[in-house]
Amino acid sequence: MDTLLTTARLRGERAVRASFAGAAAPGNGRRTVFDCEQGSFLPAAVLARPEDGPESVDESANRAFDGLGLTRDFYKEVFQRDSIDGRGMRLDGYVHFGVKFNNAFWDGRQMVFGDGDGKQLGDLTGSLDVIAHELTHGVTEHTAGFEYHNQSGALNESISDVFGSLVKQWSLKQSAEEADWLIGADVWTPGIDADALRSLKAPGHAYNNALFGRDPQPDRMSKFIHLPDTEEGDNGGVHFNSGIPNKAFFLTAVGIGGFAWEAAGPIWYESLKVSGAEAQFQDFAHTTFQKAGELFGVGSAEQSAVLAAWQEVEIPIRGVPTGVVRARNLAANGHGGVGQQDGLAALTKQIGELSAKMTKLAKDVNALKATR
Ligand SMILES: [Zn+2]
């Protein structure tokens with residue numbers, strides 16, 4: 001209860017701070033880790049490790065330091081993004097927050113880690129994907145700004161899982177096939193083997209235990225969970241329905257193959273940068289399809305993988321007939337001929353071109369409206 005209340009209050013802070021996004025002091029992404037010594041008043045925390053300082057005697061402080069650094073370096077090297085806000089925002093981390101606090105979160109300005117109660121959650125600094133998940137909320141705030149409720153909120157959560165997993169895959173140099181696609185495997189229910197907080201590969205199958213029951217995440221639109229847009233309803237199920245776009249990303253990444261941060265990652269990242277705050281699943285699916293065409297070519301294997309992935313989670317891209325993707329899936333499974341694949345490539349190309357024309361038309365119409 002204490003964790004829930006504290007997190008809700010700090011999430012509120014995050015929302016407020018996001019609206020002052022421009023106010024953050026630049027700091028070349030420099031890290032500073034502080035020790036809360038089990039307190040929950042951040043200004044009282046003591047310095048544990050500055051960017052240029054020696055290693056701390058506290059392993060939590062070192063793990064937080066490393067996690068912040070790997071996430072920052074991932075965004076820099078893979079997307080040429082300068083820290084969370086793209087302008088070198090400093091990264092402050094607070095460890096040992098509260099007593100047995102079962103959470104880690106980014107409050108809009110800093111990253112806060114609880115120690116966990118050792119039963120439901122272990123020390124939250126021990127999970128790179130959880131750290132990257134939280135920091136990515138900052139990236140989302142400074143880009144699309146997906147509103148934290150219903151489908152846009154589930155997209156917000158999904159983006160954090162996607163890049164959270166990518167940071168881990170990148171740090172371990174794992175291909176899409178090799179990766180475990182799990183979030184929080186190393187900190188979730190430390191006493192229970194082989195489970196995690198969420199799975200992008202198999203939403204709904206991350207855990208099944210006496211403590212929490214079964215992972216309730218849906219992996220397709222027909223299983224979408226309708227919850228009230230309240231705190232108790234998880235703001236319309238943002239941590240539930242994120243399973244749907246999560247699965248779409250996983251399918252895209254394995255559909256393309258190789259390192260997920262090289263093709264699927266850029267498609268999602270570029271889509272995040274151009275999406276609106278109220279985007280729905282359908283909008284985001286459409287944007288990724290378009291971006292895949294822009295980045296890798298209309299009708300490319302990458303764009304076809306995006307198309308098939310969204311189709312699989314029952315979010316067909318507008319204007320693409322269902323049968324086309326089935327034909328592609330058959331071809332991909334080895335049951336179809338080469339001709340079928342070629343036919344699909346040509347069709348995907350046509351659709352991509354049409355979609356580009358539509359976007360241009362929409363822009364023209366908006367421009368016309370603006371001049372009236
Ligand atoms: Zn989150």
Side-chain angles (χ1 to χ4, degrees), residues 2-18 20-76 82-118 121-142 160 164 167 171 184 186-187:
D2 191 44
T3 297
L4 280 174
L5 288 172
T6 310
T7 308
R9 178 173 62 78
L10 289 154
R11 193 181 292 130
E13 261 173 53
R14 175 158 88 196
V16 172
R17 285 186 183 168
F20 294 100
N28 304 318
R30 288 170 62 85
R31 293 164 290 179
T32 314
V33 178
F34 299 90
D35 184 352
C36 298
E37 300 174 313
Q38 266 76 50
S40 54
F41 181 58
L42 298 185
V46 298
L47 180 67
R49 185 168 176 186
E51 181 71 46
D52 306 316
E55 265 191 38
S56 169
V57 290
D58 178 0
E59 279 313 309
S60 295
N62 292 329
R63 280 194 297 265
F65 185 84
D66 293 342
L68 293 172
L70 280 166
T71 306
R72 176 194 64 191
D73 297 348
F74 166 84
Y75 276 107
K76 184 91 190 165
D82 189 6
S83 191
I84 297 311
D85 62 350
R87 299 193 300 146
M89 182 180 196
R90 52 183 288 176
L91 299 174
D92 290 345
Y94 289 80
V95 299
H96 304 303
F97 176 85
V99 178
K100 295 189 176 181
F101 186 67
N102 267 333
N103 209 349
F105 55 88
W106 170 256
D107 76 354
R109 192 173 292 178
Q110 54 243 331
M111 180 80 213
V112 180
F113 302 88
D115 292 330
D117 63 359
L121 282 165
D123 181 342
L124 274 300
T125 59
S127 185
L128 177 58
D129 40 39
V130 168
I131 295 175
H133 172 108
E134 287 304 321
L135 290 180
T136 299
H137 278 307
V139 174
T140 298
E141 277 166 20
H142 288 278
S160 276
V167 170
S171 78
D186 14 27
V187 291

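Here the side chain of D117 pairs a donor or acceptor atom with the backbone of L121 at under 3.5 angstrom. Checking side-chain atoms of D107 against main-chain N and O of R109 turns up a donor-acceptor pair under 3.5 Å. Although no hydrogens or angles enter the test, the distance criterion places a donor-acceptor pair under 3.5 Å between the side chain of N62 and the main chain of S56. Using modelled atom types, one side-chain atom of S83 and one backbone atom of M89 make a donor-acceptor pair closer than 3.5 Å. Remark: the backbone N or O of G114 is not paired with any side-chain donor or acceptor of N103 at under 3.5 angstrom.
Here the shortest heavy-atom pairing between A104 and V130 reads CB-CG1, 4.2 Å. Closest non-hydrogen pair, D123 versus S60, comes out as OD2-OG, 2.5 Å. Of all the heavy atoms in G126 and V187, the pair that sits closest is C-CG1, 4.0 Å. Looking at every heavy atom in both residues, D115 comes nearest to G98 through OD2-O, 4.5 Å.
Among residues two or more places apart in sequence or in another chain, the salt bridge (Lys or Arg N to Asp or Glu O under 4.0 Å) test is passed with D92 by R90.
Rounding to the nearest 0.5 angstrom, the gap separating the CG atom in D82 from the OH atom in Y75 is 13.5 Å. In this structure, the separation between CZ on R63 and CD1 on I131 is 9.0 Å, given to the nearest 0.5 Å. The line from CZ of R31 to CG of D52 is 9.0 Å long, rounded to the nearest 0.5 Å. Summarising the geometry, atom CD belonging to Q38 is positioned 11.0 Å from atom CZ belonging to F97; distances are rounded to the nearest 0.5 Å. Expressed to the nearest 0.5 Å, how far OG1 of T140 lies from CD1 of I84 amounts to 9.5 Å.
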- [ ] Please report the C-alpha distance between W106 and E141 in whole Å, then the side-chain angles of each, then the deciding distance to 0.1 Å, and finally whether the side-chain contact (heavy atoms from CB on, under 4.5 Å) criterion is met.
- [x] CA-CA 11 Å; W106 170 256; E141 277 166 20; 4.1 Å; yes
Show the atom names and distances, to 0.1 Å, of all donor-acceptor pairs under 3.5 Å that link a side chain in residues 65-73 to residues at least two apart or in another chain.
residue, atom, partner, partner atom, Å
T71, OG1, G67, O, 2.9
R72, NH1, G29, O, 2.8
R72, NH1, E51, OE1, 3.3

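Under the ring pair (Phe, Tyr, Trp, His ring centres under 6.0 Å) criterion, the residue pairs touching residues 30-58 are F34-Y94, with sequence neighbours excluded.
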